[in-house]
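All ligand and atom numbering here is 1-based and tracks the order in the structure. If you read the sequence from its start, that first residue is 1, and numbering goes on from there. The figures that follow rest on heavy atoms only: side chains count, while hydrogens, waters and symmetry mates do not.
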Amino acid sequence: MSLFANLGRSSRDVASGDTTLEVAGAQRTEANSVSARDAFERQVLGLAASRDYRPVFVVVFGLERFERLRAVAGQSLVGDLISQLGARLARAQPDWRIASVGDDVLAATFQAADATEAEGLVHDARVAIQGAYSVSSILIDVRLSAGLSAAGPPGALLREADIALDAARTERLSFKVFDPLSHARAVSALALMPELRSAIAADELSLVHQPKYDLRTGALQGAETLVRWTHPRHGPIEPDVFVRLAEETADINTLTRWVIEQAIEEQAVLAGAGFPLQFAVNLSGRLVCDEPFVDWILDRKPSREGALRLEITETAVIDNPVQAVRNIARLAAAGVPCSIDDYGAGLSSLAYLKRLDADELKLDKSLVDEIARSRRDALITRSVIDLAHSLGMRVVAEGVESGETAAIVTAMGCDVGQGYFFGRPVALSGLVDQLTAAAKPMEEAVSISA
Ligand code: C2E
Ligand code: CA
Ligand code: CA
């Protein structure tokens, strides 16, 4: 019989059919969690030393939307939920050793003939335990992400499975197997962090701007400003890598100040060339809640009302709703409108939308792709668009790559389109050239009719 072995002091028993499971209670401390991990790792080592010579695997399951769930339901309910998940997993895979090893993480170790069989088992287990759970009479639809470690020494399996789960969450996948190569790349990216600081001073950073078009009139409506880093030895580094890393250190503060100051400078050049365009800059979650940073933006903003827009993800709001709601309202009142970015990328809740002084909702590329692929998704999205409109928000379709998708999102009621179909992000000089070329036929038409 397998045990849901959590050795935390505040453990309490949860009866589940004929299996008794133990799970950490609501007030689990860090020390408890560490001891639970230690105990689990000892189980992994025990399995690896057993007479069954098949390879040993570790899988960790993490709750999707955990932060939101915790905010809405409270930590104690999340603890109950984890214990129910453990019970269901024990029924689905009676041979697995299962433990709760973190606030929202369930780990299991097992043996299989090879990695392919292990992946199949994890897939089946995830499907078996996902679904509806009732916790204190709240019905929760539970989705899980999973990370599997299929290689490496037994002592490293849990850590590697954790890394795979983190990667799955970052890439918004439901399942990921630990990949030593991409992990090595991520670790070396971390080593680049000190260089990012000097890169800002050494002019290695630059900006590109991606146009946004009004889907009904075709008029240029503004541009999203994105940061680029060209490292002297490694070449271009993805913003998804270095911005995320900077977010984990205090460097995001310096980076964003640089982006905003540079954006304002480039915007003035563009306005001088006859194109006074709104620039939208991305604002990381932790800065949305940073009062002095918001003060700095308000001091620094261009004098023209609405010239600067900020894109904020909803996750930022969920993490610290009171401060985020207040700061967004301050920005909006001072003529810096805000957009809710990446809507539909996994962590979206319409409940927050009505509390925010945001006037624009950006549908994430994944949702836009789904609209174009599936009629059912299109119907769901349609209601999101209608709701956003009824809250007075404009809706932007992001990541539009084809004319067909552009036509569909227009028919669905989206107001603005952005994506490779309309134009890739380009440096300021490229943007000036594009706008000048687009303005020419109009000027000619005007001079002919005059
Ligand atoms: P995002 O805010 O969702 O930005 C849109 C990303 O989608 C950009 O990637 C853009 O180049 C890409 N994109 C636009 N149209 C298409 C399309 O049609 N197809 C595809 N496949 N991709 C498209 P990029 O520039 O690599 O930026 C990635 C993310 O990095 C951004 O996602 C944003 O979250 C972050 N980021 C970029 N610049 C900054 C910044 O200055 N500050 C902060 N905080 N984050 C930034
Ligand atoms: Ca954005
Ligand atoms: Ca986005």
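- Relative orientation of the Trp229 and Phe242 rings is perpendicular, given thresholds of 30° and 60° on the angle between their planes.
- Atom 45 (N) of ligand 1 has its closest protein heavy atom at Val243 CG1, 3.4 Å.
- Those atoms of ligand 1 that come under 4.0 Å of a heavy atom in Pro425, given as number and element, are 11 (O).
- Between the side chains of Gln130 and Arg126, at least one donor N or O sits under 3.5 Å from an acceptor N or O.
- When heavy-atom distances to ligand 1 are checked against a 4.0 Å cut-off, Leu255 has no atom that comes that close, whether in backbone or side chain.
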Task: Evaluation steps, salt bridge (charged side-chain N to carboxylate O under 4.0 Å, His left out), between Asp251 and Arg197 - done: CA-CA 7 Å; Asp251 296 304; Arg197 268 161 242 162; 2.6 Å; yes
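- The shortest N or O to N or O distance between Thr225 and ligand 1 is not under 3.5 Å.
- By the 6.0 Å and 45° rule, Arg286 does not stack over the aromatic ring of Phe293.
- Looking only at heavy atoms of the protein, atom 5 (C) of ligand 1 is closest to Glu398 OE2, 3.9 Å.
- The distance between the ring centers of Phe175 and His123 does not fall below 6.0 angstrom.
- Asp162 has a carboxylate O that lies under 4.0 Å from a charged side-chain N of Arg37, or vice versa, which qualifies the two as a salt bridge.
- Among all protein heavy atoms, the one lying closest to atom 3 (O) of ligand 1 is Asp342 OD1, 3.2 Å.
- Each of the following atoms of ligand 1 lies closer than 4.0 Å to a heavy atom of Ser284: 44 (N).
- In this structure, Arg244 is part of the shell of residues with a heavy atom less than 4.0 angstrom from ligand 1.
- Within the 4.0 angstrom cut-off, atom 39 (C) of ligand 1 has one or more protein heavy-atom neighbours.
- Looking only at heavy atoms of the protein, atom 37 (C) of ligand 1 is closest to Leu226 CD2, 3.6 Å.
- Of the protein's non-hydrogen atoms, the one nearest atom 26 (O) of ligand 1 is Pro239 CG, 3.3 Å.
- For Asp295 and Arg330, the salt-bridge test passes: some basic side-chain N is under 4.0 Å from an acidic carboxylate O.
- A donor and an acceptor atom, one from each side chain of Glu195 and His231, are located under 3.5 Å apart.
- Between the CD1 atom of Ile297 and the CD1 atom of Ile264 there is a distance of 9.0 Å, given to the nearest 0.5 Å.
- Among the atoms of Asn282, an N, O or S atom falls under 3.0 Å of the Ca ion (ligand 2).
- The part of Gln210 lying near ligand 1 is the side chain, judged by heavy-atom distances below 4.0 Å.
- Under 4.0 Å from ligand 1, the heavy atoms of Val400 that appear belong solely to its backbone.
- Protein heavy atom in closest approach to atom 28 (C) of ligand 1: Asp240 OD1, 3.6 Å.
- Interface atoms of ligand 1 facing Val259, defined by a heavy-atom separation under 4.0 Å, are 41 (O).
- Residue Thr256 places no heavy atom under 4.0 Å from ligand 1.
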Task: salt bridge (charged side-chain N to carboxylate O under 4.0 Å, His left out) assessment of Lys362 paired with Asp342 - done: CA-CA 6 Å; Lys362 299 191 78 179; Asp342 300 341; over 6 Å; no
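- Counting heavy atoms under 4.0 Å from ligand 1, residue Lys365 touches it through the side chain alone.
- Applying the side-chain contact (heavy atoms from CB on, under 4.5 Å) test between Ile328 and each of Leu283, Leu310, Val288, Val294 identifies Val288 as the sole match.
- The nearest heavy-atom contact from the protein to atom 13 (N) of ligand 1 is Tyr420 CE2, 3.7 Å.
- In this structure, a donor-acceptor pair under 3.5 Å is present between the side chains of Ser339 and Arg309.
- In summary, Asp341 places an N/O/S atom under 3.0 Å from the Ca ion (ligand 2), meeting the contact criterion.
- The closest approach between any non-hydrogen atom of Gln418 and ligand 1 is not below 4.0 Å.
- Within a 6.0 Å sphere centred on CD of Glu261, heavy atoms belonging to other residues, nucleotides or ligands number more than 12.
- Distance screen at 4.0 Å: atom 11 (O) of ligand 1 has a protein heavy-atom neighbour inside the cut-off.
- The atom name of the N/O/S atom in Glu311 closest to the Ca ion (ligand 2) is OE1.
- At a heavy-atom distance under 4.0 Å, atoms from both the backbone and the side chain of Val227 approach ligand 1.
- The residues Asp369 and Arg373 are annotated as not salt-bridged, no charged nitrogen and carboxylate oxygen being separated by less than 4.0 angstrom.
- Here the Ca ion (ligand 3) is the vertex; the OE1 atom in Glu398 and the OD1 atom in Asp342 give an angle of 110° (to 10°).
- If you check the side chains of Glu204 and Thr230, you find no donor sitting under 3.5 Å from an acceptor.
- Set against the non-hydrogen atoms of Asp341, the atoms of ligand 1 under 4.0 Å away are 2 (O).
- Evaluated for a side-chain contact (heavy atoms from CB on, under 4.5 Å) with Phe61, the options Leu85, Ile98, Val142, Leu89 yield exactly one hit, Leu89.
- A donor-acceptor pair shorter than 3.5 Å can be found between the side chains of Asn282 and Glu224.
- Checking Gln278 against Lys212 by side-chain atom types alone, no donor-acceptor pair falls below 3.5 Å.
- Closest N/O/S atom of Glu224 to the Ca ion (ligand 2): OE2.
- For atom 32 (O) of ligand 1, the nearest protein heavy atom is 4.0 Å or more away.
- Contact annotation for Asn282 and ligand 1: heavy atoms of both the backbone and the side chain come within less than 4.0 Å of the ligand.
- In this structure, Glu224 counts as a contact residue of ligand 1, since one of its heavy atoms falls inside 4.0 Å of the ligand.
- Considering only non-hydrogen protein atoms, atom 19 (N) of ligand 1 sits nearest to Glu401 OE2, 2.6 Å.
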